[in-house]
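Presented below is the structure to which this report refers.
When reading the values below, keep in mind they use all heavy atoms of this one structure, side chains included, and skip hydrogens, waters and symmetry mates.
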Amino acid sequence: WSSDVCSSDLQITAKIPTLVVAGNIIGGVDGMVSVQSTQLQYAQFIRLDGVDHWALRYHPRVIKVIQEFWSQPQEIFGQ
């Protein structure tokens, strides 16, 4: 998880099931944002290799991941 996360982010992700979806096209970057900077403690993290930053808003793999998360959000408390 990213070390530059503020404490309110941790309070939210510790109580509310949270999904982080990151694209990765080259060496841990989606063309705009590093994969490492997207990781939050307590959040479920999914990295989609081959999906760039701009495609994250409409890519079919992103849609599938979000639908699966909504159907069964994983609550991760105190890990």
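Of all heavy-atom pairs spanning Ala14 and Tyr42, the tightest one is CB-CD1, 3.6 Å. The two residues Val20 and Ala43 have their closest heavy-atom pair at CG2-CB, 3.9 Å.
For the side-chain contact (heavy atoms from CB on, under 4.5 Å) test, residues two or more places apart in sequence or in another chain that qualify with Ala22 are Val35, Thr38, Phe45. Legend: residues meeting side-chain contact (heavy atoms from CB on, under 4.5 Å) with Ile63, ordered by chain and number and at least two apart, are Gln67. Remark: Arg61 engages no residue in a salt bridge (Lys or Arg N to Asp or Glu O under 4.0 Å) (not counting sequence neighbours).
Within the structure, salt bridge (charged side-chain N to carboxylate O under 4.0 Å, His left out) contacts touching residues 20-47 (residues at least two apart or in different chains) are Arg47-Asp49.
Val65 and Trp70 fall within the same hydrophobic cluster, where Ile, Leu, Val, Met, Phe, Trp and Tyr residues are linked whenever their side-chain heavy atoms come under 4.5 Å apart, directly or through other members. Linking ILVMFWY side-chain heavy atoms closer than 4.5 Å, directly or via other members, places Leu56 and Val29 in two distinct hydrophobic clusters.
Here the CG atom belonging to Leu19 is positioned 10.5 Å from the CG atom belonging to Leu40, to the nearest 0.5 angstrom. Atom CG of Asn24 is separated from atom OG of Ser34 by 10.0 Å, given to the nearest 0.5 angstrom.
Ile25 forms part of a hydrophobic cluster together with Ile26, judged by ILVMFWY side-chain heavy-atom separations under 4.5 Å. Grouped by direct or indirect side-chain proximity (heavy atoms under 4.5 Å, Ile/Leu/Val/Met/Phe/Trp/Tyr only), Val33 sits with Met32, Trp54.
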